[in-house]
Amino acid sequence: RNIFPDTIGVAQFAPDGKLLWKKWDYSHHWIDVDKDGQIYAPSQRQISVNGNFEGTYIGANCPTGAIKEEGIRIYNPDGSVSRDLWIFDSFIKSNWPGFIYSHPSGCDPAHINSVEGVTETIAELIAGVEVGDLLVSVREPSVVAILDGQNGEVKYATAGRTAAQHGPQFLPDGSVVIFDNRGGN
């Protein structure tokens with residue numbers, strides 16, 4: 001637990017098994033692909049936080065100072081990287097720093113385990129949400145959020161109703177179903 005990297009990367013294969021491209025860039029599980037072929041993958045990087053998270057009074061609580069930060073890496077269909085959205089930036093800039101404070105593991109305070117893009121159908125059902133926004137599961141603080149797909153701003157978030165959840169998915173009516181890993185009965 002809490003080694004870096006505990007992630008590998010992403011690759012695309014043709015139906016015949018031929019490798020089309022690969023990235024050894026610490027991307028990991030439960031990716032999504034939109035109708036245009038954009039790929040959304042949880043990703044990880046190691047950052048150094050000695051003391052407090054930037055812009056907050058929240059201590060990093062990691063003895064080594066080597067924190068695993070999670071984000072979403074967006075790839076173009078050819079495997080080139082379009083952009084990265086990092087979850088600490090999303091939480092701090094959107095005025096949700098309590099999600100960082102509430103983590104049980106100081107060296108791995110986020111751990112994104114799935115991402116799903118908002119489709120046209122879902123965008124029509126949820127006020128303020130647009131095509132390309134992202135539904136994410138952030139395991140350690142038990143947060144499920146919808147982030148702006150361009151800048152990572154938190155548009156909607158819920159916490160405390162699940163514990164270490166995985167894999168939220170939109171249902172056709174715009175509601176969300178979640179696997180509650182360690183939640184209530």
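Within 6.0 Å of the CH2 atom in W21, the count of heavy atoms belonging to other residues, nucleotides or ligands exceeds 12. The neighbour count for D173 CG, taken as heavy atoms of other residues, nucleotides or ligands under 6.0 Å away, is above 12.
Side-chain contact check for V33 versus Y40: every heavy-atom pair is 4.5 Å or farther apart. Side-chain contact between I47 and R45 is present, with heavy atoms from C-beta onward closer than 4.5 Å. You'll find the side chain of I74 stays beyond 4.5 Å of the side chain of I39, heavy atoms only. Residues R83 and Q150 meet the side-chain proximity criterion, which asks for heavy atoms closer than 4.5 Å. Under the 4.5 Å side-chain criterion, counting only non-hydrogen atoms from C-beta, F13 is not in contact with L20. Residues K35 and E120 meet the side-chain proximity criterion, which asks for heavy atoms closer than 4.5 Å. Side-chain contact between K155 and L147: absent, with no pair of heavy atoms (C-beta onward) separated by less than 4.5 Å. At least one side-chain heavy atom of I72 sits less than 4.5 Å from a side-chain heavy atom of V136.
Among all heavy-atom pairs drawn from V143 and A159, the shortest one is CG2-CB, 3.9 Å. Among all heavy-atom pairs drawn from P42 and I31, the shortest one is CD-CG2, 4.3 Å. The nearest pair of heavy atoms linking H28 to I112 is CE1-O, 2.8 Å. The minimum heavy-atom distance linking A164 with S142 is given by the pair N-OG, 3.0 Å. Of all heavy-atom pairs spanning V131 and A123, the tightest one is N-CB, 3.8 Å. Here the shortest heavy-atom pairing between K23 and G79 reads CE-O, 2.7 Å.
A single hydrophobic cluster is seen to contain both I178 and V118, as judged by linkage of ILVMFWY side chains at heavy-atom distances under 4.5 Å, directly or through other members. Under a hydrophobic-cluster definition in which Ile, Leu, Val, Met, Phe, Trp and Tyr are linked whenever side-chain heavy atoms come within less than 4.5 Å, directly or via other members, I126 and L134 are assigned to different clusters. A continuous path of hydrophobic side-chain contacts links L85 to I92 [ILVMFWY only; heavy atoms under 4.5 Å].
Relative orientation of the H29 and H166 rings is tilted, given thresholds of 30° and 60° on the angle between their planes. Between F88 and F53, the ring planes are perpendicular. Angles over 60° get that label, and only those under 30° would be called parallel.
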- Item | T121/E124 under side chain to side chain contact (heavy atoms under 4.5 Å, CB included): CA gap, chis, key distance, verdict | CA-CA 5 Å; T121 303; E124 290 174 7; 5.7 Å; no
- Query: F179 and Q165: side chain to side chain contact (heavy atoms under 4.5 Å, CB included), yes or no, with the steps?
  - Reply: CA-CA 6 Å; F179 177 71; Q165 79 290 321; over 6 Å; no
- Does the side chain to side chain contact (heavy atoms under 4.5 Å, CB included) test come out yes or no for F99 and I58, once each step is laid out? CA-CA 10 Å; F99 290 155; I58 300 168; over 6 Å; no
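Among V144, D32, V115, the one residue that satisfies the side chain to side chain contact (heavy atoms under 4.5 Å, CB included) test with L135 is V144.
Note that the OH atom of Y156 and the CG atom of D133 stand 10.0 Å from one another [nearest 0.5 Å]. One finds the CD1 atom of I67 at 8.0 Å from the OG atom of S48 (value rounded to the nearest 0.5 Å). The line from OG of S27 to CZ of R73 is 5.5 Å long, rounded to the nearest 0.5 Å. Taken from CD in Q44 to CD1 in I8, the straight-line distance is 11.5 Å, to the nearest 0.5 Å. Here the straight-line distance linking atom CG of D148 with atom CD of E130 works out to 6.5 Å at 0.5 Å rounding. Interatomic distance, SG of C107 versus CD of Q46, reported as 9.0 Å (0.5 Å rounding).
Listed for the S137 side chain is no donor-acceptor partner under 3.5 Å among the backbone atoms of N113. Side chain of D36 to backbone of Q38: no donor-acceptor contact under 3.5 angstrom is found.
Under the 3.5 Å distance criterion, with hydrogens and angles disregarded, no donor-acceptor pair is assigned to the side chains of W86 and E69. For the residue pair E153/S94, the side-chain donor-acceptor check at 3.5 Å is not satisfied. In the model, D25 has a side-chain atom that pairs as donor or acceptor with a side-chain atom of Y75 under 3.5 Å.
With respect to the salt-bridge test (charged N to carboxylate O, under 4.0 angstrom), the residues R139 and D108 qualify.
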